[in-house]
Structure formats: structure tokens, C-alpha cells
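Protein chains get the first letters and strands the later ones, always in sequence-line order, with residue 1 at the start of each.
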Number of protein chains: 2
Amino acid sequence: MRSHSRRERSCLGGAFIRRLERAGTLSDLEQEVLLSLVGTPLDVAARQAIIGQHAERICLVMSGLACRYATLPDGTRRIAAFIIPGDLVGSPAGFTSGLPWRVGTLIRCSVAGLSRPDLCTLSRTYPGIRRALQWLMQDELNRARAWLLNDSQPSLQRVAYLLCELQARLEAAGLAGQGACELSLSQADLADAAATSHVHVSRVLQTLFSERLVSLGHQKLTITDVPRLRDLAGFDPGHLAAGVAELEANDLLGSG
Amino acid sequence: MRSHSRRERSCLGGAFIRRLERAGTLSDLEQEVLLSLVGTPLDVAARQAIIGQHAERICLVMSGLACRYATLPDGTRRIAAFIIPGDLVGSPAGFTSGLPWRVGTLIRCSVAGLSRPDLCTLSRTYPGIRRALQWLMQDELNRARAWLLNDSQPSLQRVAYLLCELQARLEAAGLAGQGACELSLSQADLADAAATSHVHVSRVLQTLFSERLVSLGHQKLTITDVPRLRDLAGFDPGHLAAGVAELEANDLLGSG
DNA sequence: CGACCAATTGAAAAATGTCAATTGCCGTGG
DNA sequence: CCACGGCAATTGACATTTTTCAATTGGTCG
């Protein structure tokens, strides 16, 4: 692995560390050893599967937007989660198990690899790192359940919810302000995440446009009124942010 | 806590241990200390919230059928997971976090409590127990994602899938044979799990009845042809059973 | 220019939801 | 024992949502 200066690492891995630290502070040493594991970022074009060169590699998305998805027998694709910069994803399924899930880019991404065995070692050695990785999993579970609930909503709210979640996560990652928020997401991808057709998404967006909640300029969706969009979607950031409290109450795996 | 003889414990906690051991064998000692934590089972009527007397209690469902659910602003209830005998559930949300999820019984259940701090201690002390609890979480995540994918299917397949999953899990718990399988599940509950209306579930079941995949006798749904129902639903038991392989490849938390 | 992709639009079909009424079953209480 | 009320399931008719197919537009890139 090419070595980086400390400053370089901090810059590249900033979102990553920030993400992990939501489960609790990481010591300087823990941050250092974690970042030393991050390989050289690689550019991946849009609509490509993210496949580690080796199955032992874990991927860290550093920029762009990706997703976890699966395909039904009839060809329908379902997106089950968005993956934003700072997110860590295990190697795609198909190699390691019978699960149908894949991970792929939605737009051009920069992706770095981490050695899985090395990360396992760190997790055993550093309580803070183990805690952080466990939190990541709890967080994914919370979001998966939130999407399940979201699937019970009519399509207008369902689409609005997805936009809200993306905005909230990007904001938490320091990649979006609290006000307007640009999203690099095609309507077809949004449709696969909302489990609806891209035609219908187009119509649903018309409604959001006319309500001045969202706008479309330069082929970028832009949320123009976060509070009212959240209100419409029934999106409560606390439902996702509660991961920390949930973890503390549920810390069955022990962090130290 | 009332003490049980070793034999009594094994009997009551059999499904529990069997469930945990899917992540790997537990030593006799580990089994013993785990079971010593299980309190006296309590009967809970159908349609009741499962609330530990104290928020520090974790619940072990020993018989019956329960579910994790949340309610949308408009009153719609979404069931996000079935909870079968042997399943462990954290204390219901609302106490510990801002998450909207609740746990409640669908039919009469027998539920035992475990002290959360004690379980945490065991998890720190015994690698096998930590591994098992981690597997439980991975398993829940796998199932949540599978339901997300299932939500993309038309209602016939969606309902069929839920029946298949229940059958597979009950079979794995030793509570159902591979052939016919009786399910104590009302059509209204099935509807809330399939994110559809109970009227529509009724019609969908007619189709399954006419295809001789399912039958209804003595107010119990009975799956009469597991293989063909799985085929219709696109249900692959490997997609859930792969939890172990997934865990091994993903063992970031370290098990010893 | 020409090919391609994202987005939009209209019209018709299909799936699903809602409302309302009916049946059958079961346990309760007279 | 029987009448009653409540719950689960069913059914029909109708409204709404969503999908599908097809055609069109506008933009980007080679």
C-alpha cells in the first residue's frame, strides 16, 4: 500500500472517521491505525459493481454514491440502501454467501480497499474500533427497518422519504448543508429504491416540484425545503440518529 | 430468580440454544450460564405489547408467535419481522431510543426475561456467546433485507414468501416438519406483514388455496406443498441460512 | 450529425384499496 | 341450553393508485 502523510490520510478518511465516531470517540491511535489500513482510492465509473480485487477486501466509499441492490427473477432491481462517502461495505455477496445482494455505483465513485483480516485484528485489539464497527451494523439494521416501514407509505411519501434520508445522511457526513441539498441521483435509481416505476417517480416529482419542496436544475435534484419535505414524508431524523442510544442499551457484544 | 433443574432448563431453553448454536457450537459451560440467566416464563395474551417489567430486561419468546411492528401516522401498522420461539428481542423501543418499533404478541405467548447487564457480562466473558449474539444481529439484518426485496414483489408472491419464511424458520427451530406446516396467523396480521390490506390477502389466499399450495382448516393456515410454494414465492432458504457463512466472512467484531 | 440516455407525457390496463354487507365461529353470560 | 356480541373471513361493487406501453423531447458526448 502506498503510504500517505498524516495530513493526507486525515483528509481522505475524514468522512470515514467522522462516521465511525458517531458510536463514540476514537482515540488518536485508533484513528491512526484505522486510516493506515485504507488503501489507495480507485475511481469506479457509474453503474459498475464494486468488486474488491480480492474477496478479502472491504470497500470504503470516499466520494460519489453507491447502493446495495438485488435483482428479482423477473429482472426488477431493488435498491435496499444508499451508500454515501464514509460508508464501509463488505465484499459483495455471491462470493461469500448465498445472499442475493450486490453493491454497485450509481454515479462515479472513488473507492478504497481495506484488508479484511487486518480490520478483524484491529477490531479485536481496540475496543473503540469494535464498538464503532458494531454501531455500523446496528445503523444498517435501523435503516433497513426504516425502509421497510417506508414501503408501507404511498409513493409520494415514499419518494420524499428517500430524499430526506439522503439529505440527512449527507448532512451528517458534512457533505450537505441543512438548507438546500443537491442529489446526484437519477429518477430510475430513485424508482428502484422506492420500489416503483421510473415513470411514476417522474409524476410524483412533479407534485413535489409544484409544492416547491424539490426542484430540478442542471440534471440534479435539489431539495429546497427540508423541513416541509420531512413533514410530508413523516421523516424523523431521530429515528435514525438514535443508533447511539440504541447501541448503548443493546451493547451485548461488549466494547471494553 | 427461581432455579430450575438442569433438565428443566434444557427443555425450556432448547429452541433458544438451538437458535444460538447456528453460529457455531456453544460449550456446555456456555449453554449452562446462558440458560441460568433465563427467568421464569410468563404467559402473555394475544395482541399485547411485550414490555419487560424493567427496561433492562431482554425477552426470550418460548412459545407462540410475536412480531416487531411500527405504526405510521395514518394508523397503518407495519410488521417488520416475525418473532418465533427461541428468538431473543431487546426491550421495546420508546424506552431506549427514538425508534418507532414495538414488539407485540400475535397469539398467546410464553415469554421469559433475561437481565441485560448479565447478558452483556456473559458476552464479554465467553467468545462463543458473543459470536452467537452477533450472529443473531446479522440474521435479523439479513431477514430485514430479504423483506425489503420481498416488498418489490406482487402481492401473491409477497404473501407466499412470508409463509415460506415462517415455515423455514419454524422447521429450523424444530417446530414444524418439512411437509405440511400449520401457522397460527390471522389474515389481518399477514396483511400488515405484507404491507397490503386484509381484504386483498383474503383474495390472494384464495388463489393459493385453488392451487393446492395452502389450505385453511380449523382457522389455521396450513402449507400443503412447501416446494411449490417456495418456487412461486422465489423463496430460497439459502438466502437466510447463509447467515453463518456471512458471519465468518464478516467477523469484524472478533469472536475470540 | 447521430446515438444514447434521462425525463416527460398520454392513454389504457392492471393491481390494489376501500366500503359495505354477510357468514360462520367461538366464548361469554343469562 | 341458548342468545348474544365480537372477531375472522369472505364477497361484491366501486374508486384509486400504479403499471405498462408508446411516443416525444432535450441534452450530452463522441
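Distances from the side chain of A/Q206 to the nucleotides C/dA7, C/dA20, C/dT9 place C/dT9 closest. Nearest to the side chain of A/F209, among D/dT19, C/dT8, C/dG17, sits C/dT8. Side-chain atoms of B/R203 lie closest to D/dA13 of the nucleotides C/dT9, D/dT18, D/dA13. Residue A/Q187 places its side chain closer to C/dT8 than to any other of D/dT11, C/dA6, C/dT8.
Side-chain nitrogen and oxygen atoms of B/S197 include none within less than 4.0 Å of the OP1 or OP2 phosphate oxygen of C/dT18. At the phosphate of D/dT10, OP1 or OP2 sits under 4.0 Å from a side-chain N or O atom of B/S202. Within the 4.0 Å cut-off from OP1 or OP2 of D/dT17, not a single side-chain nitrogen or oxygen of A/R158 is found. Between B/S186 and D/dC7 there is no side-chain N or O to OP1 or OP2 distance below 4.0 Å. Within the 4.0 Å cut-off from OP1 or OP2 of C/dT16, at least one side-chain nitrogen or oxygen of B/S155 is found.
Under 4.0 Å is where a charged nitrogen must lie from a carboxylate oxygen, and between B/R22 and B/D139 no such pair does. Taking 4.0 Å as the cut-off between side-chain N and carboxylate O, A/R68 and A/D87 do not count as a salt-bridged pair.
The closest side-chain heavy-atom distance from A/C109 to A/Q48 is not below 4.5 Å.
Along DNA chain D, the nucleotide nearest to B/A188 and the one nearest to A/V201 differ in position, and the one closer to the 5' end is contacted by B/A188.
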For residues 170-192 of chain B, dump all side-chain donor-acceptor pairs below 3.5 Å to protein atoms at least two apart in sequence or in another chain.
residue	atom	partner	partner atom	Å
B/E171	OE1	B/Q167	NE2	3.0
B/E171	OE2	B/Q178	NE2	3.4
B/S184	OG	B/K220	NZ	2.8
B/S186	OG	B/A188	N	3.4
B/S186	OG	B/D189	N	3.1
B/S186	OG	B/D189	OD2	3.1
B/D189	OD1	B/R77	NH2	2.6
B/D192	OD2	B/R77	NE	2.7
B/D192	OD2	B/R77	NH2	2.9

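Minimum heavy-atom separation, B/R212 to B/R228: O-NH1, 4.5 Å. In terms of heavy atoms, B/A160 sits closest to B/L229 at CB-CD1, 3.8 Å.
Helix bend of the helix from C/dC1-D/dG30 to C/dG30-D/dC1: the angle between its two end axes, each built from five pairs, comes to 30° after rounding to 10°.
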